[in-house]
Amino acid sequence: DRPRDGVRPLAGLEVLVTAGPTQEPLDPVRYLTNHSTGKMGYAIAEAARDLGARVVLVSGPVALPAPEGVDLVRVTTAQEMFDAVRDAFPGADVTVMAAAVGDFRVAEVEPDKIKKHGRDAIELRLVANPDILAWAGAHRRANGSQTLCGFAMETRDLEANAAAKLAAKRCDMLVANDLREPGAGFGTDTNAVTVLTPGDAPDKPHAERWQLMGKREVAERLLLRLAAMR
Ligand code: CTP
Ligand code: CA
């Protein structure tokens, strides 16, 4: 069911995508981050472009080239990603948040390099970052014309954890993958996802297990689904 070349099923739509990790500074030299490479999010942005959409890609620091024909907004921290999403979200018809956002940042970033001074241990106090996807779920247009998709990477209880996120963040779709599944970890070109959509009750979403496929194909299938939900 892939569209033929030249068919542009997302023409006229604006698609907002978040991708990559965030970096949360400790001091001018160091930061907290995660293993996200941005491949899934960039595949979604490129697929959306090729399906005819106007695309805003809000990206944390990644090693991938800037996709052509996409409005790329580069950010570093979760707070910067939040600010960029707040700007773009009101105009977005379809939003897909594939970024691995740092849940916590250092309460006070040291202005100078932290010195070890012969200490055996130091303590870092971390405070919560804003949940960007949850904010979007709570700030949709009143007429229901925006569709919202989140991602979740889990190491256990995949369906239960993903179902909780689908409901708590008020998404139309939650795409979950298991970090330990072959072909579905960080930096892979493939993904094996379980796609959740709201069901009859919040604790009973509809879950569909997709076979292992390229991230680009996952991206196209998700986007066509999301566009059809509008
Ligand atoms: N997300 C976000 N802002 C955050 C944290 C997460 O927008 N501060 C988004 C991610 O981009 C993803 C979804 O929320 O689309 C789920 O992220 P995940 O880290 O799996 O879920 P959390 O709610 O942060 O729960 P936990 O990390 O504890 O599993
Ligand atoms: Ca998280």
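Atoms within a ligand are numbered from 1 in the order they appear, just like the ligands themselves. These numbers come from the heavy atoms of this one structure, side chains and all, not from hydrogens, waters or symmetry mates. Counting begins at 1 with the first residue of the sequence.
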| request: Tell me which part of N161 gets within contact of ligand 1: side chain, backbone, both or neither, using heavy atoms under 4.0 Å. | output: neither
| message | Suppose we measure from atom 3 (N) of ligand 1 to each protein heavy atom; which comes out shortest, and what is that distance? | response | I132 N, 3.0 Å
| message | Is it the case that atom CZ in R170 sees more than 12 heavy atoms from other parts of the structure closer than 6.0 Å? | response | no
| Would you say M81 contacts ligand 1, with heavy atoms under 4.0 Å as the rule? | no
| request: Around atom 25 (O) of ligand 1, find the nearest protein heavy atom and jot down its residue, atom name and distance. | output: K165 CE, 3.5 Å
| request: Check each atom of ligand 1 against the heavy atoms of G150 and keep those under 4.0 Å away; list them by number with element. | output: 15 (O)
| query | Side chains of D83 and Q79: donor-acceptor distance under 3.5 Å anywhere? | reply | yes
| Option of least heavy-atom distance to atom 12 (C) of ligand 1 (set: F104, W135, F151) | F151
| query | Quick one: do R141 and D93 make a salt bridge, cutoff under 4.0 Å? | reply | yes
| Are N129 and E24 side-chain neighbours, meaning at least one heavy-atom pair lies under 4.5 Å? | yes
| query | Where does the angle between the aromatic ring planes of W135 and F82 fall among parallel (under 30°), tilted (30 to 60°) and perpendicular (over 60°)? | reply | perpendicular
| task | Find all atoms of ligand 1 within a distance of less than 4.0 Å from any non-hydrogen atom belonging to A99, and give their numbers and elements. | result | 10 (C), 11 (O)
| message | Using a 4.0 Å heavy-atom cut-off, which part of P130 comes near ligand 1: side chain, backbone, both, or neither? | response | backbone
| Please state which protein non-hydrogen atom is closest to atom 15 (O) of ligand 1 and give its distance, to 0.1 Å? | M97 O, 2.7 Å
| query | Relative to the heavy atoms of L133, which atoms of ligand 1 are at a distance of less than 4.0 Å? | reply | 2 (C), 7 (O), 9 (C), 13 (C), 14 (O), 15 (O)
| request: Heavy-atom contacts with A152 under 4.0 Å: which atoms of ligand 1 show up? List them by number with element. | output: 20 (O)
| query | With side chains defined as the heavy atoms from C-beta onward, is the minimum distance between E80 and Q23 less than 4.5 Å? | reply | no
| In the protein, which heavy atom is nearest to atom 14 (O) of ligand 1, and how far is it? | K169 NZ, 3.1 Å
| side-chain contact (heavy atoms from CB on, under 4.5 Å) with T22: which of T76, V75, V101, I132? | V101
| task | Run the contact test for A78 against ligand 1 with a 4.0 Å cut-off on heavy atoms, strictly below, and give the result. | result | no
| query | Please walk me through it: do T18 and V85 pass side chain to side chain contact (heavy atoms under 4.5 Å, CB included)? | reply | CA-CA 8 Å; T18 70; V85 167; 3.7 Å; yes
| field | Stepwise side-chain hydrogen bond (donor to acceptor under 3.5 Å, both in side chains) test for Y42 and S59 | value | CA-CA 9 Å; Y42 275 56; S59 175; 2.7 Å; yes
| query | For ligand 1, which atoms, with element, lie under 4.0 Å from some heavy atom of D103? | reply | 5 (C), 24 (O), 27 (O)
